[in-house]
Q: 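Sharing a structure, written as structure tokens. Questions coming.
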Amino acid sequence: MIELRADFAEHFRGKDIFREILDLQGEVYRELKNRKTFRIEVGGKGYFVKTHMGVGLGEIFKNLLQFKLPVIGADNELRAVRRLEELGIATMKVAGYGVRGIPPAWLRSFIITDELENTASLEDLTLNWKSRPPQYALKSTLLRKTAGIASVLHKNGVNHRDFYICHFFIDRAGLTGDYKDLRVYVIDLHRVQIR
């Protein structure tokens, strides 16, 4: 199964889309044994691709023995993006998703999201705050907005499981004035649990 947004799909017309996407190369942000996250440009626009190449039975059993549900593919992140959109929480926009293989251990999948342009992670934004404290209004707004996101998620049966400040991105356009329009995005949703 493959789902591609029309503006992205036009670049892969007439090709084996699944193979083409798994073979894409770009700036790698994270690479583990069976999962890779990297940035690409298609048609002058930035995207992030996360590929899952099957976890194998050993990883599934290890997770189950630790009383954890294993993450076996990109579908978990796709469901999480859709749930956050339903809840009105800013997150990544999905440009594509695909899955092939034999579930659960040998499933190969990908998710492609639009690059969040003109943003900074909350971690990078706060890096020098100890030596150069921010305006009280900015700090207060960020605390209120991130706490509000946590509240909405948890009240609606969603937990992130990687809920660190590096997974909050701030729209730089809102970093002026009274910060009323400051937009906060939540990213890296592949381990999200929805109850």
Side-chain angles (χ1 to χ4, degrees), residues 3-5 8 21-22 24-42 45-55 59-60 62-63 66 68-99 104 107-127 142-143 145-172 174 182-195:
E3 296 175 20
L4 291 180
R5 201 175 57 210
F8 191 80
I21 289 173
L22 290 184
L24 286 172
Q25 299 294 317
E27 181 184 355
V28 176
Y29 278 69
R30 180 152 190 170
E31 187 165 16
L32 302 171
K33 182 179 173 186
N34 299 310
R35 190 176 74 239
K36 183 165 117 177
T37 303
F38 57 97
R39 183 187 179 279
I40 61 168
E41 283 193 22
V42 175
K45 191 169 188 297
Y47 298 90
F48 277 87
V49 180
K50 190 177 288 183
T51 59
H52 296 258
M53 301 306 285
V55 295
E59 183 69 16
I60 290 172
K62 181 184 92 170
N63 276 262
Q66 295 173 345
K68 292 191 225 173
L69 288 175
V71 175
I72 61 171
D75 62 319
N76 196 65
E77 190 153 12
L78 179 66
R79 281 194 309 274
V81 167
R82 289 180 176 160
R83 183 66 178 135
L84 266 62
E85 287 174 344
E86 288 171 3
L87 297 173
I89 296 173
T91 189
M92 308 159 294
K93 297 287 183 207
V94 175
Y97 165 78
V99 61
L107 212 56
R108 295 180 309 149
S109 59
F110 67 83
I111 186 167
I112 302 166
T113 57
D114 294 344
E115 179 177 37
L116 294 175
E117 296 176 346
N118 196 33
T119 60
S121 77
L122 188 51
E123 181 178 42
D124 290 340
L125 185 70
T126 62
L127 201 56
L142 286 171
L143 286 170
K145 287 190 179 267
T146 54
I149 289 169
S151 177
V152 170
L153 290 176
H154 297 160
K155 284 179 183 173
N156 288 282
V158 178
N159 68 299
H160 192 286
R161 295 202 302 171
D162 274 329
F163 210 53
Y164 304 110
I165 64 173
C166 62
H167 294 144
F168 288 91
F169 271 62
I170 311 305
D171 186 344
R172 290 180 190 272
L182 184 64
R183 191 166 172 97
V184 179
Y185 298 88
V186 182
I187 68 159
D188 203 6
L189 307 175
H190 82 275
R191 294 185 65 223
V192 164
Q193 291 178 322
I194 302 172
R195 293 180 178 79

Q: State, yes or no, whether a side-chain contact exists between Ile21 and Leu4 at a heavy-atom distance under 4.5 Å.
A: yes
Q: Provide the closest heavy-atom pair for His160 versus Ile187 in the form atom of the first, atom of the second, distance.
A: NE2-O, 3.0 Å
Q: Quick one, Leu182 and Lys145 - any side-chain contact, counting heavy atoms below 4.5 Å?
A: yes
Q: What is the minimum heavy-atom distance between Phe38 and Val28, and which atoms define it?
A: CB-CA, 3.8 Å
Q: Report yes if the side chains of Asn118 and Asp171 come closer than 4.5 Å at any heavy-atom pair, otherwise no.
A: yes
Q: Taking the side chain as every heavy atom from C-beta outward, state whether Ile72 and Glu59 have any atom pair closer than 4.5 Å.
A: no
Q: According to the salt bridge (Lys or Arg N to Asp or Glu O under 4.0 Å) rule, which pairs have a member within residues 154-164, sequence neighbours left out?
A: Asp162-Arg191
Q: With sequence neighbours left out, write down each residue that passes side-chain hydrogen bond (donor to acceptor under 3.5 Å, both in side chains) with Asn76, or none if nothing qualifies.
A: Arg79
Q: Is there a side-chain contact between Phe168 and Val186 (heavy atoms, below 4.5 Å)?
A: yes
Q: Do the ring planes of Phe163 and His154 sit parallel (below 30°), tilted (30 to 60°) or perpendicular (above 60°)?
A: tilted
Q: Taking all heavy atoms of Leu189 and all of Glu77, pick out the closest pair and write down the distance.
A: N-OE2, 3.2 Å
Q: Work out which heavy atom in Ala90 is nearest to a heavy atom in Val184; give both atom names and the distance.
A: CB-O, 3.4 Å
Q: Which residues pass the salt bridge (charged side-chain N to carboxylate O under 4.0 Å, His left out) test with Arg172, sequence neighbours left out?
A: none
Q: Give me the atom names and distance for the closest heavy-atom approach of Leu122 to Ile165.
A: CB-O, 3.4 Å
Q: Just jot down the side chain to side chain contact (heavy atoms under 4.5 Å, CB included) partners of Leu32, sequence neighbours excluded, or say none.
A: Arg30, Arg35
Q: Could you state the interatomic distance from CZ (Phe48) to CD1 (Ile40), rounded to the nearest 0.5 Å?
A: 10.0 Å
Q: Measure the spacing between CZ of Arg195 and CG of Asn159 and express it to the nearest 0.5 Å.
A: 4.5 Å
Q: Apply side chain to side chain contact (heavy atoms under 4.5 Å, CB included) to Ala74 and list each qualifying residue two or more places apart in sequence or on a separate chain.
A: His52, Tyr97, Ser109, Ile111
Q: Take Leu84 and Val152 through the test side-chain contact (heavy atoms from CB on, under 4.5 Å) and record every step on the way to the result.
A: CA-CA 9 Å; Leu84 266 62; Val152 170; over 6 Å; no
Q: Could you check if a side-chain atom of Leu125 sits within less than 4.5 angstrom of a side-chain atom of Leu142, using non-hydrogen atoms only?
A: yes
Q: So which heavy atom on Thr91 is nearest to which on Leu116, and how close?
A: O-CD2, 4.3 Å
Q: Give every residue pair that meets the salt bridge (Lys or Arg N to Asp or Glu O under 4.0 Å) criterion with at least one member in residues 110-127, sequence neighbours excluded.
A: Arg5-Asp114, Arg39-Glu115, Lys45-Asp114
Q: May I ask you to test the Lys50-Thr113 pair for a side-chain heavy-atom distance under 4.5 Å?
A: no
Q: Arg82 versus Val94: any side-chain heavy-atom pair under 4.5 Å?
A: no
